[in-house]
Amino acid sequence: MKPTAPNSPEPRNLFQDVHEVVRLIPAGRVSTYGTIAHYLGARHGARTVGYAMMAAHTAGQYVPAHRVVNRLGHLTGRLHFATPDAMQQALEAEGVRVVEDRVQDFGQLLWDPAVELV
DNA sequence: CGTATGACCCACT
DNA sequence: AAGTGGGCCATAC
């Protein structure tokens, strides 16, 4: 990869934090980029969270990126999965109803780490 | 080494 | 009230 700085034993990039938070999302629940970003303390970091999702496949651990949607409950990243329907099928497999790439009862299924994770 | 791109959200005019 | 631009991190060429 790339040689890290001599004083950086653990490069805790924001991407790593995002990946870890996403991994904490329980099955059957969904979260949003803005919510995670806000939890990390980055008001304008929502975009960075989205970038982290795309780079999720670079993480050593599995990241349930299918449980992360935009604030509108829209499956924005469905085209980035192995198949266009992989995200929707994964959500439905967990009991999440998805219609036209839109999560039903999104407000109820929304998982906020700052609230649920106390 | 510098430039460009990529799953978004909020604030301002 | 609606529309537009700005702000952020990391990786690849």
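Per chain, numbering begins at 1; letters A, B, ... match sequence-line order.
The stretch residues 102-118 of chain A participates, sequence neighbours left out, in these salt bridge (Lys or Arg N to Asp or Glu O under 4.0 Å) pairs: A:R97-A:D105. For residues 55-65 of chain A, no pair satisfies side-chain hydrogen bond (donor to acceptor under 3.5 Å, both in side chains), with sequence neighbours left out.
A salt bridge is defined here as a Lys NZ or Arg NE, NH1 or NH2 lying under 4.0 Å from an Asp or Glu carboxylate O, and A:R78 with A:D101 meets this definition.
Contact record, A:A56 with A:V63: CB-CB, 4.0 Å, taken as the closest heavy-atom pair.
Between A:Y33 atom OH and B:dG6 atom P there is a gap of 15 Å when expressed in whole angstrom units. Rounded to whole Å, atom P of C:dC9 lies 15 Å from atom NE2 of A:H19. Distance A:M54 CE to C:dA10 P: 15 Å, rounded to the nearest Å. Distance CG (A:L14) to C1' (C:dT11): 14 Å, rounded to an integer number of Å. Between A:Q16 atom CD and C:dT11 atom C1' there is a gap of 14 Å when expressed in whole angstrom units. In this structure, A:H38 places its NE2 atom 14 Å from P of B:dC9, rounding to the nearest Å. Rounded to whole Å, atom P of C:dA10 lies 12 Å from atom CG of A:L40.
Grouping Ile, Leu, Val, Met, Phe, Trp and Tyr by side-chain contacts under 4.5 Å, direct or through others, leaves A:V115 on its own. Hydrophobic cluster membership of A:F81, counting Ile, Leu, Val, Met, Phe, Trp and Tyr whose side-chain heavy atoms lie under 4.5 Å apart directly or via other members: A:V30, A:V69, A:L75, A:M87, A:L91, A:V96, A:V98, A:V103, A:F106, A:L109, A:L110.
Here A:A65 lies in heavy-atom contact (under 4.0 Å) with a base.
B:dA4 sits 16 Å from C:dG6 when the P atoms are compared, rounded to a whole Å. On the P atoms, C:dC8 is 15 Å away from B:dC12, given to the nearest whole Å.
Closest contact between the side chain of A:R71 and the listed nucleotides C:dA10, B:dC8, B:dC10 involves B:dC10. Comparing C:dC9, B:dC8, B:dG6 by their closest approach to the side chain of A:T48 singles out C:dC9.
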Heteroatom pairs (N/O) under 3.5 angstrom, protein to nucleotides 3-7 of chain C:
residue, atom, partner, partner atom, Å
C:dG7, O6, A:R47, NH1, 2.9

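Using a 4.0 Å cut-off, some side-chain N or O of A:N13 falls inside it from OP1 or OP2 of C:dA10.
None of A:V68, A:L24, A:T32 except one satisfies the side chain to side chain contact (heavy atoms under 4.5 Å, CB included) rule with A:W111; the exception is A:L24.
Residues A:P64 and A:R23 meet the side-chain proximity criterion, which asks for heavy atoms closer than 4.5 Å.
Cluster annotation: A:L117 is connected to A:I25 through the hydrophobic network of ILVMFWY side chains, with a link wherever side-chain heavy atoms come within less than 4.5 Å.
By the 5.5 angstrom centroid cut-off and the 30-degree plane limit, A:F15 is classified as not stacked against the base of C:dA10.
Residues from residues 21-29 of chain A lying near DNA chain B, meaning a heavy-atom separation below 4.0 Å, are absent.
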